[in-house]
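Structure record follows, encoded as structure tokens.
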2 protein chains.
Amino acid sequence: MSRSNPRVLSTLERAGGFASAQEVYRLMQREGESIGLTTVYRALQSLVNDKIVDVLRREDGEAIYRLCGEAHHHHLVCKSCGDTVEIEGGAIEKWAKVMAEEHGFREVGHTAEIFGLCGKC
Amino acid sequence: MSRSNPRVLSTLERAGGFASAQEVYRLMQREGESIGLTTVYRALQSLVNDKIVDVLRREDGEAIYRLCGEAHHHHLVCKSCGDTVEIEGGAIEKWAKVMAEEHGFREVGHTAEIFGLCGKC
DNA sequence: GCAGAAATGAAAATGATTTTCATTCCCATA
DNA sequence: TATGGGAATGAAAATCATTTTCATTTCTGC
């Protein structure tokens, strides 16, 4: 069931490891690759499931996909230029664990993003 | 030019200070208010411009509007039954601030959610 | 070679958001 | 009180990312 199409992955890499589904699709088109938009979406979703890429949101709501290392980390995103910095989340891990225990939750995960204006913007 | 319709604002307040445009609209409909969806969108945008409300994104990309003054809190969500607990995020606030400073970001906000299985599930 | 499963992609559907545009409301001034 | 113009309103159409449908093609193991 692995729909993690390698051509899509390699295109995402070539795009700087950071692009929307539409961008990946247009890039592949421009490069003469024959692929359908549907397949690009499916491949990206699959890559997200396999935790090979992360998905974030642009300010306009468009999903952007981003290659990421295996280590669990968080993002500091510039809301103007989209620049992203991967940051350490030790404090969050602990917070999530404590909060979950306190309320009797198990098998917990979490998301946390910080957004603002970067130095250049 | 102030399109910050007070009925929209008061509905957003009644919704717990946290809702999407569509939800605000549906809520107003249900309460018998006569208003157009377009106006709801315009009013919310206007409130954002006036910095009376914040805008965030749900995981599916839908924009959600939040009253600025509201005590900022986070959520612990059960991924099985959807039960939600509002939790304190003091640790997160500090983490976000430190991380932002460290990387030269300003005007920062953040999102953080914890999800897992609640005691009943 | 062949059946059945998985992958593919074109086209249609969906759903949030925005735009268009004609109408209505408000309000200051003649 | 009439009136003229700018602002507000909302229905309907347009936009755009994303998902679904479904028919077709490609793989796989036998």
Side-chain angles (χ1 to χ4, degrees), chain A residues 1-12 15-67 77 79-80 82 84 111 113 115, chain B residues 1-12 15-67 82 111:
Chain A
M1 216 237 270
S2 171
R3 284 158 149 171
S4 305
N5 190 312
R7 289 186 298 152
V8 170
L9 177 55
S10 109
T11 304
L12 183 58
F18 196 89
S20 73
Q22 302 281 345
E23 286 164 359
V24 168
Y25 175 66
R26 284 195 289 270
L27 190 52
M28 293 181 80
Q29 294 267 296
R30 225 176 296 134
E31 291 175 352
E33 293 246 34
S34 162
I35 195 165
L37 181 55
T38 314
T39 303
V40 171
Y41 273 103
R42 279 195 285 237
L44 288 171
Q45 259 164 340
S46 183
L47 288 164
V48 169
N49 285 344
D50 297 351
K51 304 203 194 295
I52 296 169
V53 313
D54 257 357
V55 57
L56 300 178
R57 293 271 165 189
R58 288 231 174 87
E59 233 179 289
D60 67 353
E62 189 176 1
I64 46 182
Y65 301 84
R66 172 172 221 291
L67 284 176
V77 187
K79 51 188 169 187
S80 170
T84 302
T111 59
E113 311 287 344
F115 43 89
Chain B
M1 215 237 272
S2 170
R3 286 160 148 170
S4 304
N5 190 314
R7 291 187 296 152
V8 169
L9 177 54
S10 110
T11 304
L12 182 58
F18 199 86
S20 72
Q22 303 280 344
E23 284 164 359
V24 168
Y25 175 66
R26 284 195 289 268
L27 192 50
M28 294 182 80
Q29 294 266 297
R30 225 177 296 134
E31 290 175 352
E33 294 246 34
S34 162
I35 197 166
L37 182 56
T38 314
T39 303
V40 172
Y41 272 104
R42 278 195 285 238
L44 287 171
Q45 257 163 343
S46 183
L47 288 164
V48 169
N49 286 344
D50 298 350
K51 303 206 194 292
I52 295 168
V53 313
D54 260 357
V55 57
L56 300 178
R57 292 272 166 190
R58 288 230 175 88
E59 227 170 289
D60 67 353
E62 189 177 2
I64 47 183
Y65 301 85
R66 182 184 69 187
L67 284 178
T111 58

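Numbered from 1 within each chain, the chains take letters A, B, ... in sequence-line order. From a predicted model like this one, the values you see are computed outputs, not experimental measurements.
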Going through the checks in order, is the side chain to side chain donor-acceptor pair (under 3.5 Å) test met by A:E33 and A:Y25?
CA-CA 9 Å; A:E33 293 246 34; A:Y25 175 66; over 6 Å; no
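If you check C:dA10, D:dT18, C:dT17 against the side chain of A:L37, the one that comes closest is D:dT18. Closest to the side chain of A:Q22, from the set C:dT8, C:dT17, D:dA17, is D:dA17. When the nucleotides C:dG9, D:dT19, C:dT18 are ranked by their closest atom to the side chain of A:Q45, D:dT19 comes out on top. Across C:dT17, D:dA17, D:dT9, the shortest atom-to-atom separation from the side chain of B:T39 is found for D:dT9. Here C:dT8 is the nucleotide among C:dT17, D:dG10, C:dT8 with the atom lying nearest to any side-chain atom of A:R3. The listed nucleotides are D:dT18, C:dA11, C:dT17; the one nearest the side chain of B:A21 is C:dT17.
Nucleotide C:dA7 holds its P atom 13 Å from the CG atom of A:L47, rounded to whole Å. In this structure, B:E59 places its CD atom 12 Å from P of D:dT19, rounding to the nearest Å. C:dG15 atom P lies 13 Å from atom OH of B:Y41, rounded to whole Å. One interatomic measurement links the two molecules: CZ of A:R42 to P of C:dA6, which rounds to 14 Å at whole-angstrom precision. Atom CD1 of A:I35 is separated from atom C1' of C:dA10 by 14 Å (rounded to the nearest Å). In this structure, the CD atom of B:E33 is 14 Å from the C1' atom of D:dT9, given to the nearest Å. Atom C1' of nucleotide C:dA10 and atom OH of A:Y25 are separated by 10 Å, given to the nearest angstrom. For the pair B:R57 CZ and C:dA16 P, the interatomic distance rounds to 12 Å; values are reported in whole Å.
Of the possible polar contacts, one joining the A:E23 side chain to the A:S20 backbone as a donor-acceptor pair under 3.5 Å is found. Judged by distance alone, with hydrogens and angles left aside, the side-chain atoms of B:D50 form no donor-acceptor pair with the main-chain N or O of B:I52 at under 3.5 Å.
For the side chain to side chain contact (heavy atoms under 4.5 Å, CB included) with B:L37, the lone residue among B:Q22, B:M28, B:Q29, B:R42 that qualifies is B:Q22.
Ion pairing between A:R66 and A:D54 fails under the 4.0 Å rule for side-chain N and carboxylate O.
At the heavy-atom level, A:E62 lies under 4.0 Å from the strands shown only through sugar-phosphate atoms. A:E23 comes within 4.0 angstrom of nothing in the nucleic acid, heavy atoms only.
The base of D:dA17 is not paired with the side chain of A:S20 by any donor and acceptor separated by under 3.5 Å.
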